[in-house]
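When a residue number appears, it is its place in the shown sequence, counting from 1. Computation of the quantities below employed the complete heavy-atom set of this structure, encompassing side-chain atoms and omitting hydrogens, waters and symmetry-equivalent molecules.
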Amino acid sequence: MKEQAKLQQNLSLQHIVFLGLAWMTPMIYFSIYGIAYEAAGGMLTQAYLLAFIAIMFTAYSYSMMARAHSTSGSAYSYVKKAIHPYLGFLVGWALLLDYLFSPIIACLTFGIYMHAQFPAIPAYMWMIGLNLLMTAVNIKGASFSANLSKLFVLLQMCFIALFCILLIRNFSMHTTALEPLLQTQIPITKILTGASIICFSFLGFDSITTMTEETKNAHKNIPRAIGIIIGVACVLYVTPSYLTQLSLPNAIAFVNLDSAGLEIVQKVGGAALGSVFIIVLLFAIFTQGISSVSSVSRLMYVMGRESILPSRCFAYVHPKLKTPIVNILIVGMVSLLALVISLDAAVKFVNFGALTAFFFVNLAVIGHYYIKLRQRSTVQTIKFLIIPGIGAVIILCLFTLLSKDALLMGFGWLLFGILYHAYRTQGSTLRSMIIRSKLRLDKSKSAL
């Protein structure tokens, strides 16, 4: 019998760091600028710092589970092995929601921006074109995707650095270096509201855990990469927000909150910088889409390999390209939903799936290390009970801030998953009973 092809270990630490940053998209700082600025009362520096602290607990939990399990299943595998297989399935099903809708968001956003720049070409043409390109790049291979992501992530970093340099040139002489951090006229509750929105800027560090089986020395490099990604993202977000508060200390009135990022760029660097901003943002959307397709296709591969999804289809790896090509094509077809779904609905699906996975990965650390391995010394209690426990509480608080629509759509998807699992389980049980009955019948015939 011909041996099934497997994923190839060809990703270095640098590769997965840039894939994670591509999924996170540093330019998201500008994409949500207006919404975050209004929610935090202009105190973006404090809000980003609070969001960084909040998300660090969950990033720590992902690092701990990546050390324990070198599998590409991410939260699905962690919860399955640390707590219970059925709960692992539900978390994996919720995570599919996050990862499947991320490429859709990339296609939608790309189509919206490109149609705004070139009104003569319909938005759906740009969406279909980007979808085809993302599919082709991912079929080519993970290392190719990582190298392309590296190029465009560096481009985003260069733009943010240029923006910061221009901000320094515009410093107000009436502010001191610590003033952005010491302002107290805005209540802490408002800053926390801004931080709850900003937390979603850090989504994506978890995506690299779906690439574990393609990563060299994964049990060390995946945790390292998670720390690097979160640290780099913090610098890329906090630095421009801090410098903006120094340069523009007074409240800013935006014409349109959705395009506030472009407005602040033009305010700092004029129309020329605004044109560059649009170009870089489009490249950022492209690389985020590539990384999203990579992540979801690997999660589907693991779920197929374990027969949660039909293995003949989802566990297939192309013998030459070493990529789950069928999964990539399926994701490409699902991404065509961008033609009929709204951006708001897609974002709600992503938020529900991500927060569900985050919550249970924190619990998985407690289940694996503190309960199963009984690592309960004073230091171990802090590492494997208190820190992940705090992470779970923070994520639960963020979960309560989701809109009713997001909760309804998310729990509707979970209900569909429960029905699907019941169908698969009952089908397997029925097939097993038929096989056992046939074997008993054959034995009876042989005895006669």
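In this view, Glu263 satisfies the salt bridge (charged side-chain N to carboxylate O under 4.0 Å, His left out) rule with no residue, not counting sequence neighbours. In this structure, the salt bridge (charged side-chain N to carboxylate O under 4.0 Å, His left out) partners of Glu306, at least two apart in sequence or on a different chain, are Lys80. Taking Tyr33 as the reference, nothing meets the side chain to side chain donor-acceptor pair (under 3.5 Å) condition, with sequence neighbours excluded.
The shortest non-hydrogen separation linking Ile382 to Pro388 is O-CD, 4.3 Å. Taking every heavy atom of both residues into account, Lys372 and Ala82 meet most closely at CE-O, 3.4 Å. In this structure, Pro26 and Gln156 approach most closely via the heavy-atom pair CD-OE1, 3.0 Å. Closest approach of Thr209 and Asp206 over heavy atoms only: OG1-O, 2.5 Å.
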Item to check | Candidate pair Phe101 and Phe349, rule ring-ring contact (aromatic ring centres under 6.0 Å, His included), full reasoning | outcome: CA-CA 7 Å; Phe101 275 82; Phe349 275 122; 4.4 Å; yes
Next on the checklist: Run the ring-ring contact (aromatic ring centres under 6.0 Å, His included) test on Phe110 and Phe286 for me, step by step, so that the C-alpha distance in whole Å, both residues' side-chain angles and the decisive distance to 0.1 Å come before the verdict.
Outcome noted: CA-CA 8 Å; Phe110 190 82; Phe286 171 56; 7.6 Å; no
Next on the checklist: Checking Phe202 against Tyr237 for the ring-ring contact (aromatic ring centres under 6.0 Å, His included) test, could you report, in this order, the C-alpha distance in whole Å, the side-chain angles of both residues, the deciding distance, and whether it holds?
Outcome noted: CA-CA 10 Å; Phe202 289 93; Tyr237 298 152; 5.3 Å; yes
Item to check | Audit row: Phe358, Phe205, ring-ring contact (aromatic ring centres under 6.0 Å, His included) steps and yes/no | outcome: CA-CA 11 Å; Phe358 285 7; Phe205 71 86; 5.4 Å; yes
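Taking the six-membered ring where tryptophan is involved, the planes of Phe416 and Trp93 are tilted, since the angle between them lies from 30° to 60°.
Around CD of Glu38, the count of heavy atoms belonging to other residues, nucleotides or ligands within 6.0 Å does not exceed 12. Under a cut-off of 6.0 angstrom, the local environment of NZ in Lys220 is sparse, with at most 12 non-hydrogen atoms contributed by other residues, nucleotides or ligands. The 12-atom threshold is not exceeded at CZ of Phe283, counting heavy atoms of other residues, nucleotides or ligands nearer than 6.0 Å.
Checked against a 6.0 Å centroid threshold, the rings of Phe152 and Phe18 do not count as neighbours. For His69 and His219, the distance between ring centers is not under 6.0 angstrom. In this structure, Phe352 has its ring center closer than 6.0 angstrom to the ring center of Phe411.
Salt bridge status for Arg298 with Glu214: present, with a side-chain N to carboxylate O gap under 4.0 Å.
The NZ atom of Lys140 lies 13.0 Å from the CG atom of Asn138; values are rounded to the nearest 0.5 Å.
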